[in-house]
Asks: 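Can you read through this structure? Questions will come right after.
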Amino acid sequence: MNWFREIIELQHETRDAAEFMESVKMDFFTDLVFVFTPKGEVFELPSGAVPLDFAYRIHTEVGNRTIGAKVNGRIVPLDHKLKTGDIVEILTSKHSYGPSQDWLKVAQSSHARAKIKQWFKKEKREENVEKGRDLLERELKRIGLEPHEWMSDDKLLEAAKKFTFNDLEDMMSAIGFGGITAAQVCTKLTEKLRKEAEEAQQIQLTSAVKEMKQSAAAQAAAERKRPTHGVSVKGVDNLLVRFARCCNPVPGDDIIGYITRGRGVSVHRTDCANIPTASDGEEAARVIEVDWENAVEANYSVEIEILGHNRNGLLNEVLATVSESKTNISAVSGRSDKNKMAIIHMTILIRNKDHLHSVVEKIKRVKDIFSVQRMMQ
């Protein structure tokens with residue numbers, strides 16, 4: 001009530017409508033935006049909202065049939081950020097195919113994202129079930145298992161219960177629309193098999209790792225010096241060292257080593273998801289401490305992802321910015337989606353973590369760039 005009294009008092013004190021609106025924006029709604037329909041209806045949205053949030057705020061069907069938007073009479077992309085006082089018109093079509101997966105990234109409100117997910121679950125259930133089965137079959141083949149042996153109803157139902165699904169179709173539909181991944185389901189399916197294999201190999205693996213460390217130290221003098229790439233392995237000399245492509249560590253990153261079978265030590269960032277933990281049994285015994293050597297002059301490959309508003313000359317400006325920072329580019333690719341989002345993948349050669357940070361900050365200052373992030377596979 002106090003809030004409404006302040007609004008009424010402000011209205012009486014201010015004769016000019018524009019001045020009144022500006023005062024309301026500045027004093028009361030800094031974390032909200034208020035936008036209008038062409039007929040003058042007002043809608044409250046969270047700060048940072050886009051036309052998709054407005055469409056689903058009007059009605060679920062309006063959101064599902066959205067094909068475009070106008071703000072203040074001008075056509076804008078669906079990821080255009082709305083401001084208080086904007087007049088928003090949603091363009092719809094009865095022939096629309098419905099939401100796309102990209103909308104889940106564009107929508108800023110939980111309400112809109114929930115409605116989009118609901119559409120995928122209901123409208124494309126049969127398609128998602130079929131797609132989920134196909135994805136699961138391909139994942140089983142990828143990891144070397146026979147689908148007809150692992151996709152029996154009893155095994156799939158057991159996995160579905162672990163994910164708290166009511167039936168198999170619910171789980172397959174979830175795989176199809178991206179609620180869970182086929183890899184996660186495969187992990188549940190093979191959980192028992194992996195546990196048995198781990199127990200059988202525990203003693204053999206522990207002994208093999210110990211023997212490997214001892215033999216590597218004993219043969220150090222006889223073998224030629226292998227490249228260390230600026231990394232020293234604690235307690236062991238003359239081991240082949242290589243950098244893991246999944247996380248591409250660079251000097252300055254916290255690192256850890258993993259003893260591979262026949263390929264020496266693979267160096268990862270400590271936050272890499274591929275490093276075994278204590279719960280991984282015998283795999284954890286392969287983890288070894290490594291450190292960066294001092295005064296190493298080398299270039300390290302790092303892949304970054306750049307997101308921005310697609311426009312003419314954007315890629316050229318990004319490439320020029322990287323070039324001006326005296327940084328070599330070994331690979332670059334780019335594409336854009338139907339929402340005018342530009343996605344650029346770039347592999348650059350950098351000296352250390354500080355060098356990478358400097359390059360990233362310069363790219364972020366390019367006009368229309370939304371974000372720059374380091375990629376991990």
Asks: Are side-chain heavy atoms of Trp103 and Trp119 found at a separation under 4.5 Å?
Replies: no

Asks: Looking only at the side chains, is there a donor atom on one of Asp154 and Ser152 sitting less than 3.5 Å from an acceptor on the other?
Replies: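 There is such a pair (donor and acceptor under 3.5 Å, judged by atom type) between the side chains of Asp154 and Ser152.
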
Asks: Write out all pairs satisfying salt bridge (Lys or Arg N to Asp or Glu O under 4.0 Å) with one or both partners inside residues 79-99, taking only residues at least two apart or from two chains.
Replies: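 Qualifying pairs, neighbours excluded: none.
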
Asks: Show every salt bridge (Lys or Arg N to Asp or Glu O under 4.0 Å) that has at least one partner inside residues 46-62, sequence neighbours left out.
Replies: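 Residue pairs with at least one partner in residues 46-62: Glu61-Arg65.
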
Asks: Are more than 12 heavy atoms from other residues, nucleotides or ligands located less than 6.0 Å from atom NZ of Lys155?
Replies: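 More than 12 within 6.0 Å, yes.
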
Asks: Please answer whether the main-chain N or O of Asn248 pairs with a side-chain N or O of Arg374 as donor and acceptor at a distance below 3.5 Å.
Replies: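 Pair found, side chain donor or acceptor close to backbone of Asn248.
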
Asks: Linking Ile, Leu, Val, Met, Phe, Trp and Tyr through side-chain heavy atoms less than 4.5 Å apart, which residues share a cluster with Leu91?
Replies: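 Members besides Leu91, by chain and number: Ile67.
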
Asks: Is there a side-chain contact between Ile256 and Tyr258 in this structure, where contact means two heavy atoms from C-beta onward sitting under 4.5 Å apart?
Replies: no

Asks: Please evaluate residues Arg142 and Glu139 with respect to the criterion salt bridge (charged side-chain N to carboxylate O under 4.0 Å, His left out), reporting the C-alpha separation (whole Å), side-chain torsions for both, the decisive distance (0.1 Å), and the verdict.
Replies: CA-CA 5 Å; Arg142 190 189 69 81; Glu139 180 63 19; 2.8 Å; yes

Asks: Side chain to side chain contact (heavy atoms under 4.5 Å, CB included), that's the test. Do Leu189 and Leu156 meet it? Break it down for me.
Replies: CA-CA 7 Å; Leu189 283 172; Leu156 290 176; 4.2 Å; yes

Asks: At their closest point, which heavy atom of Asn72 faces which heavy atom of Gly85, and how far apart are they?
Replies: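 Minimum heavy-atom contact is OD1-O, 4.4 Å.
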
Asks: Given Trp292, which of Asn352, Ile255, Asp254 fulfils the side-chain contact (heavy atoms from CB on, under 4.5 Å) condition?
Replies: Ile255

Asks: More than 12 heavy atoms of other residues, nucleotides or ligands under 6.0 Å from NZ of Lys162: is that the case?
Replies: yes

Asks: As a quick check of understanding, evaluate side chain to side chain contact (heavy atoms under 4.5 Å, CB included) for Met341 and Lys105, giving each step before the final call.
Replies: CA-CA 11 Å; Met341 175 72 76; Lys105 300 176 182 178; over 6 Å; no

Asks: Does a sphere of radius 6.0 Å around CG in Leu157 hold more than 12 heavy atoms from other residues, nucleotides or ligands, not counting ones at 6.0 Å or beyond?
Replies: yes

Asks: Hey, is CD on Glu305 packed in by over 12 heavy atoms from elsewhere, all under 6.0 Å?
Replies: yes

Asks: Is the number of heavy atoms from other residues, nucleotides or ligands within 6.0 Å of NE2 (His357) greater than 12?
Replies: no

